[in-house]
Amino acid sequence: MAGAHAEPLAHGHDHGHDEALHHQFEDIGQQNESYLVGMWTFLVTEVMFFGALFFTYTLYRLNYQYDFWVAHEHLDWKLGAFNTTVLLFSSFTMVMAVQSAQLKKRSHVMRYLEITVACAFIFLGVKYVEYSSKFADHLYPGISFSTDPKVFGEHGFVNGVPMVNMNHAQLFYGLYFGMTGLHAVHIIVGIGVLTALWRLWKNHAKSVTVDYVPTELVGLYWHFVDLVWIFLFPLMYLMPTPH
Amino acid sequence: MSATSIGTSEFPKQGQEEVNYLNYDHTLRSWLTTGDHKRIAILYLISTTFIFFLGSLAAGMIRFELTSPAGVVLESETYNKVFSSHGVIMVFFFLVLALPATLGNFLLPLMIGARDLAFPRLNLGSWYLYMVGAALMLSGLIFGGIDTGWTFYTPYSSMYSNTQVSLVIIGIFFSGFSSITTGINFIVTTHKMRAPGMTWFRLPLFVWALYATSVIVILGTPVIAITLLLVVFERLFHLPIFSPELGGDPVLFQHLFWFYSHPAVYIMILPAFGIESELIANFARKRIFGYHFVAFSTIAIAGLGFLVWGHHMFVSSQSMYEGLVFSLISFLVAVPSAIKIFNWTATLYKGNIRLQSPMIYALGFIGLFTVGGLTGLFLGSVGTDVHLTATYFVVAHFHYVMVGGTMMAFLGGLHYWWPKMTGRMFNDGIAKWNAVLVFVGFNLTFFPQFIVGWLGMPRRYHYYYFAPEFQPYNIMSSLGASALALGFLLPAFYLTASLFNGPKAGSNPWGAHGLEWETSSPPPVTNFLETPIVTDEVYDFDPVSEYEQLRAAQDLLDEGGNPGGSY
Amino acid sequence: MANSPAAASHEHHIVPTSTYFGTLIALIVLMVITVAVAQFQIPDIGPLTGTVLNQLVALIIAGIKAFLVVTIFMGVKWQTPLTKLWAVTGFVWFTLMFIIMGDYLTRKYEPLASWRPNQETALPRTIHGGTPMPMVDPNEANLHPRE
Amino acid sequence: MPFNFPLAPPQASSLAPEYDAVFYALLALTIFFTGIVLAAVVFLTVRYRRGTKVDRSRPVYEDLRLELSWTIIPLILALVMFYAGAKVFVDIRTAPKDSEEIFVIGKQWMWHIEHPNGVRENNTLHVPIGKDVKLIMISQDVLHAFYVPAFRTQVHVVPGRYTDIWFKATKVGEYHLFCNMYCGTQHSEMCGSVIVMDQRKYAEWLANNGESVPHLTMAQAGARKFNSVGCANCHGGTDTLRAPSLVGIFGKKRVFSDGTSLIANDEYLRESIVNPYNHITAGYGQSMPVYTKDQLSEEDILNILAYIKTSGGTPDSPSASLISESAVPVETSKHNGDTPLATNAIRAQIPSSDATPTVRTGHPAVGAIAARGINP
């Protein structure tokens with residue numbers, strides 16, 4: 001490339017960051033801030049991305065409260081609560097990884113990242129168990145969605161008369177699979193990103209070890225995934241009985 | 001002008017060709033793996049131009065077909081696919097990104113004195129996302145096409161259309177993420193990469209416009225991405241979200257769709273406003289009148305633009321009260337738009353106006369956008385909209401804004417910055433007449449559509465043999481379209497020709513003001529050989545100053561054999 | 001232009017582990033509270049039914065949890081104003097979507113009972129040419145308790 | 001076809017004048033502001049173009065009063081126009097309480113309409129003039145929009161939900177009805193007409209089970225032809241001045257000027273119409289005009305014969321008189337001075353059954369017109 005870098009105008013951090021500094025930035029501080037703002041603007045788009053789904057859910061939930069409540073009885077809140085705990089804990093380990101990166105404790109970073117990835121796998125495992133029970137009862141939306149209110153146990157009936165509109169129940173499961181599925185896709189992407197980060201740390205790559213910000217960016221993403229679940233859990237699993 | 005960038009040390013040695021972003025490496029690989037925003041802008045320019053002519057071809061077929069009340073050659077099914085392709089191509093693959101991704105990409109770092117965008121690889125990635133999206137969309141059009149219109153209203157798109165809706169939607173999804181990544185890049189760059197001294201109120205108005213556009217992009221695009229994805233799921237897996245048969249509401253789709261697609265209109269027009277401000281200021285040799293008002297009105301439009309989507313749904317069985325609220329807010333958007341028009345006009349006062357081709361486009365823009373904007377009032381007014389919705393009146397209105405506004409500004413901007421991008425001057429005489437041709441052809445095409453829409457001709461109609469009174473207007477419109485087509489084709493030829501035989505442009509052939517004119521044409525790889533320090537205000541012209549004479553002398557010098565043009 | 005002192009100083013915010021751990025404990029406690037509240041039947045207060053109140057409490061707790069995650073785990077508390085601005089933008093903008101709610105609150109939109117699409121013109125309701133989708137007639141299968 | 005350039009759609013509902021007032025106000029505003037801006041741009045560009053010797057000193061870059069005035073004036077105008085538009089909208093959307101209700105079903109690609117008394121029609125809507133009519137509509141498949149430009153009203157027809165629209169027609173005539181929400185392949189053929197009738201004729205139309213012209217018997221049709229081509233001028237009633245009366249002629253013996261005679265049977269009567277001078281009744285001259293095929297078709301002749309046969313009895317009895325013109329329902333006047341609408345041609349082809357129309361391929365316009373025997 002032609003052209004040399006001009007002298008940084010603002011006072012730079014003379015920490016030997018040059019190898020991690022990209023040519024378009026004046027100094028590592030500018031680069032880090034750019035990364036952070038970039039990540040946050042990306043998270044804004046993610047908020048809107050999930051937001052449309054959350055809105056759709058809210059709308060149909062308000063309209064079909066009773067049917068949604070009956071449909072949600074098939075979900076196991078205990079598994080949901082367990083998964084919430086797992087994700088919260090993984091957020092904690094992630095933030096500890098970032099803190100270790102700040103303190104340049106490489107082995108700690110790797111340890112915490114490993115735990116985080118493990119948590120992600122546990123989460124997905126539990127999700128698999130949940131999904132398979134829905135599939136077993138034909139509660140996935142589509143042509144073979146169950147027409148039998150009995151899948152919801154006694155909640156579908158009052159005095160032996162079926163009380164649930166299975167079309168609306170299908171709507172609920174459409175949203176359930178849509179939202180938790182999209183969240184799971186984010187978890188899977190997160191596992192990929194975390195693993196890549198772990199490898200970079202393992203290989204002493206300058207791009208992550210010189211400054212903690214790349215690690216923090218992954219952390220921001222991971223916390224966002226956690227954030228989505230924080231709202232999904234009460235909305236999907238913890239519906240109060242309508243009366 | 002920035003004091004530091006005018007230094008003798010930067011003169012290239014005589015007779016030695018300067019290394020610039022175009023010639024530092026000629027391999028295809030170097031183009032396809034480049035991180036340079038200028039090269040990516042050129043990649044975008046080539047691909048969007050191709051896409052634009054595809055969309056125009058579809059438009060030509062529509063206009064040809066409508067000359068006769070009973071159609072000319074096409075079957076209804078084909079006609080529907082043609083107009084849907086026109087809409088999808090033009091809206092999702094041309095208008096929302098043509099200005100930001102080509103001119104914006106090229107100029108944003110230059111205008112703020114940065115070496116590149118904040119994330120060059122992301123920028124390249126966004127071009128690839130766009131290409132993948134376009135490829136998916138085009139393959140969808142080839143293998144069956146779509147007949148839903150670009151609006152994809154459910155349940156037709158999700159349960160009835162027997163065409164390649166899913167493929168095209170996934171293409172749009174990719175292109176949407178291309179926009180988002182570009183938007184993120186622009187926002188971060190504007191926030192973090194400005195040269196020393198480049199304060200917010202020294203930013204050229206094009207940068208303001210790009211910033212506002214990017215904000216809309218990142219806030220709106222995800223919503224349509226997920227909404228269209230739900231349509232795909234509904235088609236493929238019968239995930240029931242917008243189907244009335246299972247309790248979904250088709251109107252919800254329209255809400256979510258327009259939540260993005262109305263702001264998207266501002267994604268298309270705001271950069272055009274920015275270019276317009278640049279052109280008016282630089283060719284009137286005068287600082288834009290009411291700079292702060294113009295800048296803030298850009299932000300106001302971006303913000304208010306998110307609150308008016310319901311005016312597309314006044315007759316869609318939306319509740320009456322909601323309609324009234326949306327109508328009120330829609331009228332409020334008219335105010336910042338009016339501010340802009342008046343300020344541009346006022347800028348001309350006591351200017352020193354050069355009627356070169358970019359300025360002709362800019363003046364044409366004012367006329368066409370005024371008509372386009374004011375006819376928007378008919379549609380924003382909840383009462384009058386009832387009769388006019390989905391007639392040719394709407395078609396005429398948004399073409400006045402999209403073609404008369406965005407395309408005029410795009411052509412104006414392209415002519416204006418062409419010497420900067422390529423280092424070559426084009427034939428300004430032809431270009432001026434072409435601008436007039438576009439203006440006349442455009443009016444001939446779309447003005448009759450206002451009348452025929454007011455008479456009640458519905459859009460997306462293939463036949464109107466039952467209403468022969470519509471025909472004369474349709475014939476006028478089709479005649480105008482031929483002129484317009486010529487007006488769009490000509491620049492492709494004479495601009496391309498200028499690459500081979502155009503005279504070398506100096507660094508500042510228009511005598512314009514702005515950081516991008518401080519560097520050589522074409523700019524070096526890192527844009528500026530030394531980080532510029534901005535010490536003067538934006539558009540700091542004085543119509544009668546010595547600066548003017550100095551600049552004229554400089555022009556002479558450039559013509560007299562200073563190939564690099566950097567001074 | 002990286003001339004802000006904030007950019008230079010953000011590296012020095014090393015948050016003690018205790019803060020992070022405390023936050024984790026708080027989050028888990030809040031989650032337990034949410035689960036516990038969901039098991040109770042809250043009585044109606046004024047116009048708000050217990051059902052709504054219950055969900056409201058759950059959402060407020062979720063909001064607090066989100067706030068904790070954003071401010072402490074994501075470190076927004078120690079970030080520049082610009083980052084703070086972008087951190088709230090998404091959430092603020094999301095609420096704009098609720099303008100749509102105004103439409104639904106002022107009109108009825110639940111599809112009519114027993115409405116059926118025209119099966120002749122619709123796409124086959126199958127994925128790969130399987131059996132047509134069985135649709136449940138709400139009138140036959142359901143006596144809606146609230147209607 | 002003569003090219004005329006209509007500049008406004010017909011006004012045919014009580015809402016239209018109110019609507020048009022707002023529309024033209026907005027139009028005036030548009031023309032005014034466009035004019036100002038264009039005039040200013042042209043004037044300033046010419047005056048301050050490069051090279052002109054004008055005063056460019058002390059340029060103005062910012063003027064708060066100016067900015068505020070062109071912020072506040074448009075704002076006020078916008079609010080006023082909003083109010084006017086909103087008022088019209090509320091009127092368009094609020095149906096009067098005791099409106100007559102008609103039901104509309106939209107489906108790909110036709111309008112099916114049911115009147116409360118059971119009369120059904122497709123793609124044509126008959127409505128009485130001067131009465132509030134409310135249409136209650138639903139779609140059977142995708143979104144449609146019911147749009148009548150002459151009434152300035154439209155609303156989407158939504159699957160799974162009733163929407164409604166109302167109007168009070170103010171002018172007899174036939175107006176376009178369009179589907180204005182894209183609904184698939186034959187979207188542009190999902191159109192028809194709204195026929196506004198005066199109230200008496202509408203009532204008759206409803207009573208006639210949706211037939212605007214009740215079926216005529218052959219004799220009735222013959223009577224009309226008898227009157228319209230001028231037979232009645234000479235042969236009418238008991239008038240025997242210029243020509244013999246035809247009352248009760250069938251089966252009677254006729255004596256001719258050459259002395260021969262014949263029994264008046266079908267062949268004789270037919271010949272007397274098409275070839276009147278072969279047999280001239282005694283006492284009359286060669287005064288009857290010859291009717292060509294263009295004037296009288298075979299069908300007309302049969303009808304006239306049927307009529308002549310029925311006018312039996314004695315010349316003095318009432319039954320002998322011609323069926324009075326008024327007793328025969330007259331075809332509804334279709335156009336009230338407006339341009340004839342070509343929709344008639346098309347609608348004539350639509351069967352009135354409930355069946356979904358078969359997919360028409362090829363050139364529908366040509367097909368439809370050709371079916372009527374008119375060369376397109």
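Chain identifiers are assigned alphabetically (A, B, ...) following the order of the sequence lines, protein sequences preceding nucleic acid strands; residue numbering begins at 1 within each chain.
- Contact annotation for Phe233(A): only side-chain heavy atoms (C-beta onward) come within less than 4.5 Å of a heavy atom of chain C.
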TODO: Check the pair Leu59(C) / Leu235(A) against side-chain contact (heavy atoms from CB on, under 4.5 Å), numbers first and verdict last.
DONE: CA-CA 8 Å; Leu59(C) 283 177; Leu235(A) 285 176; 3.9 Å; yes
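- With a 4.5 Å cut-off on non-hydrogen atoms, Leu43(A) touches chain C through its side chain but not through its backbone.
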Task: Residue pair Val44(A), Trp93(C): steps toward the side-chain contact (heavy atoms from CB on, under 4.5 Å) verdict - done: CA-CA 9 Å; Val44(A) 165; Trp93(C) 226 254; over 6 Å; no
Open item on the list: I'd like to know whether Leu220(A) forms a side-chain contact (heavy atoms from CB on, under 4.5 Å) with Phe73(C), so could you lay out the CA-CA distance, the side-chain angles of the two residues, the decisive distance to 0.1 Å, and finally the verdict.
Closed with: CA-CA 8 Å; Leu220(A) 286 178; Phe73(C) 280 178; over 6 Å; no
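- Put simply, of Gly63(C), Ala66(C), Ala58(C), the one with the most heavy-atom pairs under 4.5 Å next to chain A is Ala66(C).
- At a 4.5 Å heavy-atom cutoff, the contact between Tyr20(C) and chain A is made by backbone and side-chain atoms alike.
- Here the straight-line distance linking atom CD1 of Ile64(C) with atom CD1 of Ile230(A) works out to 11.5 Å at 0.5 Å rounding.
- In this structure, the portion of Val15(C) lying under 4.5 Å from any heavy atom of chain A is its backbone and not its side chain.
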TODO: Start with the C-alpha gap between Phe50(A) and Phe94(C), add the side-chain angles, then the distance that decides, and say whether side-chain contact (heavy atoms from CB on, under 4.5 Å) holds.
DONE: CA-CA 9 Å; Phe50(A) 278 98; Phe94(C) 166 59; over 6 Å; no
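- When heavy atoms are compared at a cutoff of 4.5 Å, Ile28(C) approaches chain A by way of both its backbone and its side chain.
- When heavy atoms are compared at a cutoff of 4.5 Å, Leu27(C) approaches chain A by way of both its backbone and its side chain.
- Annotation: the span from Gln99(A) atom CD to Ile14(C) atom CD1 amounts to 7.5 Å, rounded to 0.5 Å.
- For Thr45(A), no part lies near chain C; criterion is any non-hydrogen pair under 4.5 Å.
- One distance of note links OG1 of Thr84(A) with CG of Leu30(C); it measures 12.5 Å at 0.5 Å rounding.
- Residue Leu24(C) holds its CG atom at 7.0 Å from CZ of Phe89(A), rounded to the nearest 0.5 Å.
- More than 12 heavy atoms of other shown residues, nucleotides or ligands fall within 6.0 angstrom of atom CZ in Arg106(A).
- For Val35(C) against Ala81(A), the heavy-atom pair with the smallest separation is CG2-CB, 4.4 Å.
- If you measure heavy-atom distances from Leu59(A) to chain C, the contacts under 4.5 Å come from both the backbone and the side chain.
- Atom CZ of Phe98(C) has more than 12 heavy atoms from other residues, nucleotides or ligands within 6.0 Å.
- Summarising the geometry, atom OH belonging to Tyr237(A) is positioned 14.5 Å from atom OG1 belonging to Thr34(C); distances are rounded to the nearest 0.5 Å.
- Using a 4.5 Å cut-off between heavy atoms, Val37(C) makes no contact with chain A at all.
- Test Leu85(C), Thr89(C), Thr83(C) against Trp40(A) for side chain to side chain contact (heavy atoms under 4.5 Å, CB included) and you get one pass: Thr83(C).
- Phe55(A) is listed as a side-chain neighbour of Met101(C), based on a closest heavy-atom distance under 4.5 Å.
- Here the CE-CE distance, from Met74(C) to Met39(A), works out to 7.5 Å after rounding to the nearest 0.5 Å.
- Contact between Pro234(A) and Gln55(C) at its shortest, heavy atoms only, is O-NE2, 3.6 Å.
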